[in-house]
Amino acid sequence: MRESASAQELLDWYDRNARRMPWRVGPDARRLGVRPDPYRIWMSEVMLQQTTVAAVKSYFETFTARWPTVVDLAAAEDADVMAAWAGLGYYARARNLLKCARAVANDHSGVFPDTREGLLSLPGIGPYTAAAVAAIAFDRPETVVDGNVERVMARLHDEHTPLPTAKPVLTEMAAALTPQERPGDYAQAVMDLGATICTPRKPACGLCPWRKPCAAWEAGTAAELPRKLPKKRKPTRLGIAYLARRVDGAWLLERRPDKGLLGGMLGWPGSDWGDAPQDDPPIRAEWRELPAEARHTFTHFHLRLMVKTALVPMDRAPIRGDFVELPDFSPSDLPTVMRKAFDLAKDS
DNA sequence: AAGGCGTGGTC
DNA sequence: TGACCAAGCCT
C-alpha cells in the first residue's frame, strides 16, 4: 500500500531546492524576520499568469524599480504602464494592474487586503492569485491551484478525467494536502516541483520527493497526465498595417480601444483582420506595399499582416491616428505584432 | 460558461 | 515547423 503524500516531504525538498527569484525573500533574510512585500508578491503573481518565470523577471525588475510602492503605481499615467508592459502579452492584465493599484490606494489606504476574500474582490485577481497572495504574503493556509498544481495532483492520484472537467476534483486533492504551517512556502514548493521535476513532458520522476506516494509513477502513466480536451485549430486571418512616417521622422500611431485584442495598447492604424481586409489608409499618401509580411500567432488565430509604408509631408492631416514625434516614440512601447511590422518597415 | 485574450520557448 | 505549453481572468 502506498503511503499518502505529505506536505513536509515537499517542504524539505523546497528548503534544499528553492529557486531564487526577484520577488522571493531568501532564506537568510527570512531568518532575520524579513517578510514578503504584498505589493511585490501581487505584482509577480499577476505577471506570472500564463507567463513563464524567464519572461517575467526583467519586467518585474523594471516595474518595481520605477514604481516601488502600490501608491506610486496608482499615480502612474496609463500610457506609461501600458508601454512598460509592452511585449509581455495579455494586456488586460496591465489595465487591471492599474485599476487594482488605484483601488488599493484609494479604497484601502494603500494597504493590500490580507485575506483571500478581500483580494478576490480586486480587479485582475482571480481564485489563483487571491490564494497565492494570501498564502505567500500573509501566510494564510489557502490552497493555490494553477497549471502546475493540477498536473502534480493528477499524477499523484493517477486522475484520468480530462481538464477542465477534473479541475474541482484536483482542487479538493490540493486542499487536502495544504498544511497549516508555512502554507506560502508550500504553495511555491508545489509550483516549483511542477516547473522543474513534474514537468508536462519527460517528468524527472527519479528526482521527485513525491515519487513513492505517486499513483501515476506506480501505474507508469505520469507522462500522459493530466489529460486535456482537444483544442480547436487556429484559423488564419489577413490584415494590413499602415506605417506612415512624416518627413520630420514622426510616426502615425493609434491608441487601441480598451476592450478586445491588444486593448489599450499603441499600434499602427490598420484594416480589420479577417478573410479579405479592405484597403483603407489612415492618411492620403503614395502607399508602398512591402515585399514581406509580418506573421504572428495570437491565442486563437494566426495573422498574416501586410505592411504598407508612406512618407508624408508636414502639413498633411491624418484621417485616423496621431503623429508621434521621435523622442516620444520607442518601438519597445508596441505590442510584439506591431513591433514586427515596424521592424519590416524601418529599414525599407 | 465557453471563448477571448499574447508571447516566446521547446520539441 | 507547427502545435503545445506557461504561476489565469473576465465576460
Side-chain angles (χ1 to χ4, degrees), chain A residues 18-19 21-24 40-60 82 85-97 99-100 119-137 142-152 163-165 167-168 171 174 184 186-196 198-203 223 226-237 256-265 267 273 294-303 334-340:
Chain A
R19 298 183 292 168
M21 296 180 194
W23 46 88
R24 281 189 180 166
R40 294 167 62 90
I41 298 303
W42 161 73
M43 175 82 70
S44 69
E45 291 300 344
V46 172
M47 288 182 169
L48 286 163
Q49 289 166 8
Q50 297 286 284
T51 309
T52 59
V53 169
V56 163
K57 275 182 177 162
S58 67
Y59 285 86
F60 178 83
M82 300 313 288
W85 197 276
L88 196 55
Y90 284 135
Y91 298 99
R93 294 185 295 171
R95 301 194 302 274
N96 284 330
L97 192 80
K99 275 191 205 165
C100 181
L119 290 158
L120 203 45
S121 69
L122 292 166
I125 299 187
Y128 164 77
T129 305
V133 174
I136 299 169
E142 300 292 351
T143 300
V144 169
V145 183
D146 72 334
N148 289 303
V149 176
E150 289 173 353
R151 185 169 58 256
V152 171
L163 284 166
T165 310
K167 173 114 182 171
T171 298
Y186 172 77
Q188 295 175 91
V190 188
M191 294 190 286
D192 271 20
L193 185 74
T196 62
C198 197
T199 51
R201 289 173 293 202
K202 298 211 256 178
R227 295 176 59 179
K228 294 188 178 178
L229 263 17
K231 296 178 181 172
K232 294 182 182 174
R233 65 173 286 277
K234 301 179 201 293
T236 296
R237 296 185 192 171
R256 299 174 63 89
D258 270 349
K259 304 268 182 204
L261 191 69
L262 309 178
M265 297 300 288
W273 295 345
R295 286 177 177 249
H296 192 74
T297 298
F298 293 98
T299 314
H300 53 297
F301 65 93
H302 304 289
L303 176 67
L334 298 173
T336 299
V337 62
M338 299 295 175
R339 195 179 42 68
K340 285 182 181 176

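Chain identifiers are assigned alphabetically (A, B, ...) following the order of the sequence lines, protein sequences preceding nucleic acid strands; residue numbering begins at 1 within each chain.
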Pairing residues for A/Tyr90 by the ring pair (Phe, Tyr, Trp, His ring centres under 6.0 Å) criterion, not counting sequence neighbours: none

Kindly write out the residues that satisfy side-chain hydrogen bond (donor to acceptor under 3.5 Å, both in side chains) with [X], not counting sequence neighbours, or none if the list is empty.
| X | result |
| --- | --- |
| A/Lys234 | none |
| A/Asp192 | A/Arg24 |
| A/Tyr128 | A/Glu45 |
| A/His300 | none |

Sequence-distant partners of A/Pro22, side-chain contact (heavy atoms from CB on, under 4.5 Å), two or more places apart: A/Lys57, A/Phe60, A/Glu61

Partners passing side-chain contact (heavy atoms from CB on, under 4.5 Å) against A/Thr236 (at least two apart in sequence or in another chain): A/His302, A/Arg304

Salt bridge (Lys or Arg N to Asp or Glu O under 4.0 Å) involving A/Arg95 - partner list, sequence neighbours excluded: none

Residues which pass salt bridge (Lys or Arg N to Asp or Glu O under 4.0 Å) with A/Lys99, listed by chain and number, not counting sequence neighbours: none

Listing time: all N or O pairs from protein to nucleotides 9-11 of chain B that are below 3.5 Å?
none

Nucleic acid contacts of residues 228-236 of chain A, taken as heavy-atom distances under 4.0 Å to DNA chain C: A/Lys228, A/Lys231

Any residue of residues 42-50 of chain A with a heavy atom less than 4.0 Å from an atom of DNA chain B: A/Gln50

